[in-house]
Amino acid sequence: MTTDDKRPHVVIIGGGFGGLECARSLPPSDFRVTLIDSRNFHLFQPLLYQVATGGLSPANIAAPLRGVLARRKNVSVRMGEVVDILPDEQRVCLNDGHVDYDELVVATGVRHNYFGHNTWEQFAPGLKTVEDAVGIRHRVLEAFERAERATDPGELHRLLTFVVIGGGPTGVEMAGAIAELARGTLRGNFRRINPAHSRVLLIEAGPRVLAAYTDASSNRAMRSLERLGVTVWLNTRVVDISASMVSVIRNGVRHNLPTRAAIWAAGVQASHLGATLRDRAGATLDQVGRVIVEKDLSIAGQPHIFVIGDLANYPHQTGEPLPGIAPVAMQQGRFVADRLGLRYVDADFIPFHYHHRGSMATIGRAAAVAEIGRWRFSGYPAWLAWLFIHVLFLIEFESRVLVMIQWAWNYFTRNRSARLITGDVDAALSDRDAKPAPHPKSNPGNAAAKAPSKPAKPKPRRSAKATQ
Ligand SMILES: Cc1cc2nc3c(=O)[nH]c(=O)nc-3n(C[C@H](O)[C@H](O)[C@H](O)COP(=O)(O)OP(=O)(O)OC[C@H]3O[C@@H](n4cnc5c(N)ncnc54)[C@H](O)[C@@H]3O)c2cc1C
């Protein structure tokens, strides 16, 4: 690309499913493209739970953006954090400079939502980034290590209790995978404890797990979870989380669940660029900060700014926002690329329409539920379909082969070979363990105020799970 290049400059913020698909779909002869991401890789988030439970390594589910786009000569990758957008100047500001655009596509996704209880994040991390997954893996595996040397029965019980909060696809996957780890993979690995005696609890505020699926599928998922040894508590609300326990209200009764490993999979909020677009470009946001977009995915009154993927709320198809899933983001990415192409040849405008091809959630080894068109199936066939589709969508060929081999190996041996405790051994958490936070017994409504005043350990900026 040269500086006298006359092709319109499309800047895409976010190299996730939406942004990457858009970059790949823009015709090279018509546009030069800059893809900006704060990370240098595309992350296949649907398999993060495998990293969090030692089944796969981070590199199996991530692909360097420069490598993925190497053959797209019209696309440049810029690594950097976008901190501001100036629509009047058609400029994107990064933490280390700026980039000017003719057309802007914002695809920065979502992060966790703790519904105002932000102090909970340090005790119950969510699953959104590689760091989150490695941190959770660390926490889960370390709990077994500590249990092996625990002498106090109460402490042993706490260490072998795992609480997953949120019964959507991520919560179901995580709970199932931890149960399999405890009951299968770790069998015979310890001398003093029996990991199979672990308690895995899945807490869901609503009346069923996998609420976006049919009753039949969610009942099947419940049965599969129970077969794996997961205890599911429905209609149960979390009111407090501390270093040593998760407190819930169930049937009007408060239960304090001692645990060292709680995982948050209960909600999302939009990336901070949603608020930037509201302040700078007059965008309207929904309750979780997503940008309500027009029928062509642009922002009202800003025909040169498009918002796609999890960050966008597209209400024009069903009256409800489309689900935060990868196919929506990818179809929107392709749509914006086509739309930009058409705009420059003055073609008629057709609104975005999402084509739903099906939903699948996995619960464990050879257990999944699938809803594809009018077909509803579960168990081994659903799991095989899930496996095939997820591996197929892994972006890099090399990853596909590696993941396939690793999975086949794990399946036959029940092994999870990436069971490494790496990174910073959580010193802050050890301190908290030594002196468990005093736990209030009443006034659950003021839970956030009761969390320990010790500042949270700094975490990577984004984290979360998409509601699917
Ligand atoms: C644990 C988990 C499991 C999931 N399972 C499934 C599943 O089974 N099936 C399914 O269809 N969907 C699943 N999803 C949802 C799916 O991953 C999302 O819908 C999809 O990633 C949304 O794509 P996106 O492009 O909108 O955002 P993302 O893929 O989240 O990408 C956003 C990108 O923006 C970058 N970014 C953010 N802020 C900035 C900034 N300020 N500056 C620069 N870059 C920035 C990020 O680094 C990231 O690369 C899952 C999600 C999670 C977290």
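Numbering of ligands and ligand atoms starts at 1, following listing order. Computed over heavy atoms, backbone and side chain alike; hydrogens, waters and symmetry mates excluded. All figures in this text were calculated on a predicted structure; none of them were measured in a lab.
- The distance between the ring centers of Tyr101 and His304 does not fall below 6.0 angstrom.
- Those atoms of ligand 1 that come under 4.0 Å of a heavy atom in Gly309, given as number and element, are 26 (O).
- Ion pair Arg334/Glu21 flagged as a salt bridge, since at least one NZ, NE, NH1 or NH2 atom sits closer than 4.0 Å to an Asp/Glu carboxylate oxygen.
- Within the structure, the closest approach of His42 to ligand 1 does not fall below 4.0 Å when heavy atoms are considered.
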Side-chain donor-acceptor contacts of residues 48-63 below 3.5 Å, not counting sequence neighbours, with atom names and distances?
unit_1: Thr53; atom_1: OG1; unit_2: Tyr49; atom_2: O; d: 2.8
unit_1: Thr53; atom_1: OG1; unit_2: Arg416; atom_2: NH1; d: 2.9
unit_1: Asn60; atom_1: OD1; unit_2: Ser57; atom_2: N; d: 3.0

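- Taking only nitrogen or oxygen atoms, main chain and side chain alike, Ser38 reaches within less than 3.5 Å of ligand 1.
- Evaluated by nearest non-hydrogen atom to atom 31 (O) of ligand 1, the leading choice among Gly126, Pro327, Gly16, Ala270 is Gly16.
- Note: no N/O pair closer than 3.5 Å links Trp386 and ligand 1 by distance alone.
- Of the polar atoms of Leu48, none of the N or O atoms is found under 3.5 Å from an N or O of ligand 1, judged by distance alone.
- Close N/O approach between Gly324 and ligand 1 is found [any backbone or side-chain N/O within under 3.5 Å].
- The part of Thr170 lying near ligand 1 is the side chain, judged by heavy-atom distances below 4.0 Å.
- Atom CZ of Phe388 sits in a sparse spot, with 12 or fewer heavy atoms from other residues, nucleotides or ligands closer than 6.0 Å.
- Closest of all the heavy-atom pairs between Ala265 and Thr170 is CB-CG2, 4.1 Å.
- Side-chain N/O atoms of Thr108 and Ser271 include a donor and acceptor closer than 3.5 Å.
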Anything under 3.5 Å between a donor and an acceptor, one on a side chain of residues 317-324, the other on a protein residue two or more places apart or in another chain? List them.
unit_1: Gln317; atom_1: OE1; unit_2: Tyr354; atom_2: N; d: 2.7
unit_1: Gln317; atom_1: NE2; unit_2: His353; atom_2: NE2; d: 3.4
unit_1: Gln317; atom_1: NE2; unit_2: Tyr354; atom_2: O; d: 2.9
unit_1: Thr318; atom_1: OG1; unit_2: Glu320; atom_2: N; d: 3.1
unit_1: Thr318; atom_1: OG1; unit_2: Glu320; atom_2: O; d: 3.1

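- Ligand 1 is approached by Gly80 to a heavy-atom distance shorter than 4.0 Å.
- The side chain of His272, and not its backbone, has at least one atom closer than 4.0 Å to an atom of ligand 1 (non-hydrogen atoms only; side chain from C-beta on).
- Listed by number with element, the atoms of ligand 1 under 4.0 angstrom from any heavy atom of His390 are 8 (O).
- For a threshold of 3.5 Å applied to N or O pairs, the pair formed by Phe17 and ligand 1 contains at least one separation below that value.
- For Ala107, the heavy-atom gap to ligand 1 drops under 4.0 angstrom.
- Atom CG of Leu384 has more than 12 heavy atoms from other residues, nucleotides or ligands within 6.0 Å.
- At least one donor-acceptor pair closer than 3.5 Å links the side chain of Glu204 to the backbone N or O of Gly206.
- Against a heavy-atom cut-off of under 4.0 Å, Arg39 is close to the following atoms of ligand 1: 47 (O).
- The shortest N or O to N or O distance between Asp310 and ligand 1 is below 3.5 Å.
- Defined by atom type and a distance below 3.5 Å, a donor-acceptor pair is missing between the side-chain atoms of Asp215 and Ser218.
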- Go through the steps to decide whether Asp102 and Arg7 satisfy the test salt bridge (charged side-chain N to carboxylate O under 4.0 Å, His left out), and finish with yes or no. CA-CA 10 Å; Asp102 296 308; Arg7 290 173 296 179; over 6 Å; no
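- Looking at Glu371 and Ser217, their side chains do bring a donor and an acceptor atom within 3.5 Å of each other.
- Taking every heavy atom of Gly14 and a limit of under 4.0 angstrom, the matching atoms of ligand 1 come to 33 (C), 34 (O), 35 (C).
- Close contacts between ligand 1 and Lys128 involve ligand atoms 30 (O), 53 (C) [criterion: under 4.0 Å to a heavy atom].
- Distances between N or O atoms of Val82 and those of ligand 1 include at least one value under 3.5 Å.
- Of the candidates Ala326, Gly109, Ala329, Cys22, the one placing a heavy atom closest to atom 16 (C) of ligand 1 is Ala326.
- At least one N or O atom of Gln45, backbone or side chain, sits closer than 3.5 Å to an N or O atom of ligand 1.
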